[in-house]
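Protein chains get the first letters and strands the later ones, always in sequence-line order, with residue 1 at the start of each. Hydrogens, waters and symmetry mates are skipped; everything else that's a heavy atom, side chains included, is used.
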Number of protein chains: 2
Amino acid sequence: MVKAVLPGRPARGSKSGRPIMALLDLLGRRWTLRIVWELREEPLRFRALQDAIGASPTIVNSRLAELRTARLIELDDEAGYRLTSLGQELLRLFLPLHLWSEKWAKAIAP
Amino acid sequence: MVKAVLPGRPARGSKSGRPIMALLDLLGRRWTLRIVWELREEPLRFRALQDAIGASPTIVNSRLAELRTARLIELDDEAGYRLTSLGQELLRLFLPLHLWSEKWAKAIAP
DNA sequence: CGCATCGCTACATAAAGTGTAGCATATGGA
DNA sequence: TCCATATGCTACACTTTATGTAGCGATGCG
């Protein structure tokens, strides 16, 4: 049983159902951001993805199901799990985080 | 007891300690993204923030502590909790999500 | 057949989040 | 002085979510 996170339906912790809230709710779940991140360069199979992030198969499967329902990833029989075009758009918004995180690291270094 | 999320120390679920992983780990915790989002326009006091997101004070306090340790927010006695300059930089990277989420909503609408 | 790989499920245990009550401190009247 | 209010925050029992390990059914290959 998968709780779909879709705009239009109230997100966990929010009654509004506004797209931004649904999105923040989806991305705020453990491993979700990480999964999208791991798929940034190439598709990965279920087990490869699981190994890459080091989470349990149970939760990996849940997150994959949620991300598929949200049409951010899809399962290609040949290649494995990969970002959809929507997912790639989202990733593009997140790519600047990589560089910024380095700056952040230096800024708060002891 | 607060588990600090800082680059240099391995993030939850990752042994690398790479800044991007630490950041994804921090932001992937429930309510964290939402809190940063709620502080985008003006500082909020503890209770105002709690009411805005509808989470328990326990977890709000945990997330605030983590975000303060990560130097993304700070507590000003006059104004309340607000983004630091680092936090504002991070928020700027996230602002495009707002618009994109609307597009996403339309794309996956039934 | 035997063996490997695929996505995925079962299930007991541990960790994380919830909801409600309330504490300690400070401030500002009456 | 006493009361009320607001501050950030803590305690604690309860529920939800995630972990770790084992293994299932299907598919392909020799």
Next on the checklist: When you measure only distances, ignoring hydrogens and angles, does the side chain of S62(B) come within 3.5 Å of the base of dG17(C) through a donor and an acceptor?
Outcome noted: no
Checklist outcome for this item: On DNA chain D, more 5' by nearest nucleotide between A48(B) and T58(B) is A48(B)
Next on the checklist: Taking only side-chain N and O atoms of N61(B), does any of them lie within less than 4.0 angstrom of OP1 or OP2 on dT10(D)?
Outcome noted: yes
Checklist outcome for this item: From CZ of R47(A) across to C1' of dC24(D) the rounded distance in Å is 11 Å
Checklist entry - Side-chain N or O of R29(A) less than 4.0 angstrom from OP1 or OP2 on dG17(C)? => result no
Item to check | Length of the CZ-P vector between R82(B) and dG8(D), whole Å | outcome: 14 Å
Next on the checklist: With a 4.0 Å limit, can you tell me whether R30(B) has a side-chain N or O closer than that to the phosphate oxygens OP1/OP2 of dT18(C)?
Outcome noted: yes
Checklist entry - For the pair made of CZ in F46(A) and C1' in dC24(D), what is the distance, rounded to whole Å? => result 13 Å
Item to check | Interatomic distance where CD belongs to Q50(A) and P belongs to dT5(C) [whole Å] | outcome: 15 Å
Checklist entry - Do you know which two heavy atoms are closest between R34(B) and I53(B), and how far apart they sit? => result CG-CG2, 3.6 Å
Checklist entry - Atom CG of L33(B) to atom P of dG17(C): distance rounded to whole Å? => result 13 Å
For residues 98-109 of chain A, dump all side-chain donor-acceptor pairs below 3.5 Å to protein atoms at least two apart in sequence or in another chain.
| from | atom 1 | to | atom 2 | distance (Å) |
| --- | --- | --- | --- | --- |
| W100(A) | NE1 | E89(B) | OE1 | 2.8 |
| S101(A) | OG | L97(A) | O | 3.4 |
| S101(A) | OG | H98(A) | O | 2.7 |
| S101(A) | OG | I20(B) | N | 3.4 |
| K103(A) | NZ | E89(B) | OE1 | 3.1 |
| K103(A) | NZ | E89(B) | OE2 | 2.9 |
| W104(A) | NE1 | A70(B) | O | 3.0 |

Item to check | Closest listed nucleotide, where the reference is the side chain of R68(A) and the choices are dC8(C), dG8(D), dT21(D) | outcome: dC8(C)
Item to check | Interatomic distance, I35(B) CD1 vs dG8(D) P [rounded to whole Å] | outcome: 13 Å
Next on the checklist: As a test of reading the structure: which of dT19(D), dT20(C), dG23(D) is closest to the side chain of I59(A), going by heavy atoms?
Outcome noted: dT19(D)
Checklist entry - Salt bridge or not for D25(B) and R29(B), using N-O below 4.0 Å? => result yes
Item to check | Short side-chain N/O contact from W31(B) to OP1 or OP2 of dA16(C), under 4.0 Å | outcome: no
Checklist entry - Between the base of dG7(C) and the side chain of R45(A), is there a donor-acceptor distance below 3.5 Å? => result no
Item to check | Whole angstrom value for the distance that separates P of dT19(D) from CD1 of I53(A) | outcome: 8 Å
Checklist entry - Is there a side-chain polar atom (N or O) of R63(A) under 4.0 Å from OP1 or OP2 of dA18(D)? => result yes
Checklist outcome for this item: Checking dA21(C), dT9(C), dT19(D) against the side chain of P57(A) (C-beta onward), the nearest is dT9(C)
Checklist entry - Got a sec, which residues hit salt bridge (Lys or Arg N to Asp or Glu O under 4.0 Å) with D77(B), two or more places apart in sequence or on another chain? => result none
Checklist entry - Would you call the rings of F94(A) and F94(B) parallel, tilted or perpendicular, where under 30° means parallel and over 60° means perpendicular? => result perpendicular
Item to check | Interatomic distance, D76(A) CG vs dG7(C) P [rounded to whole Å] | outcome: 11 Å
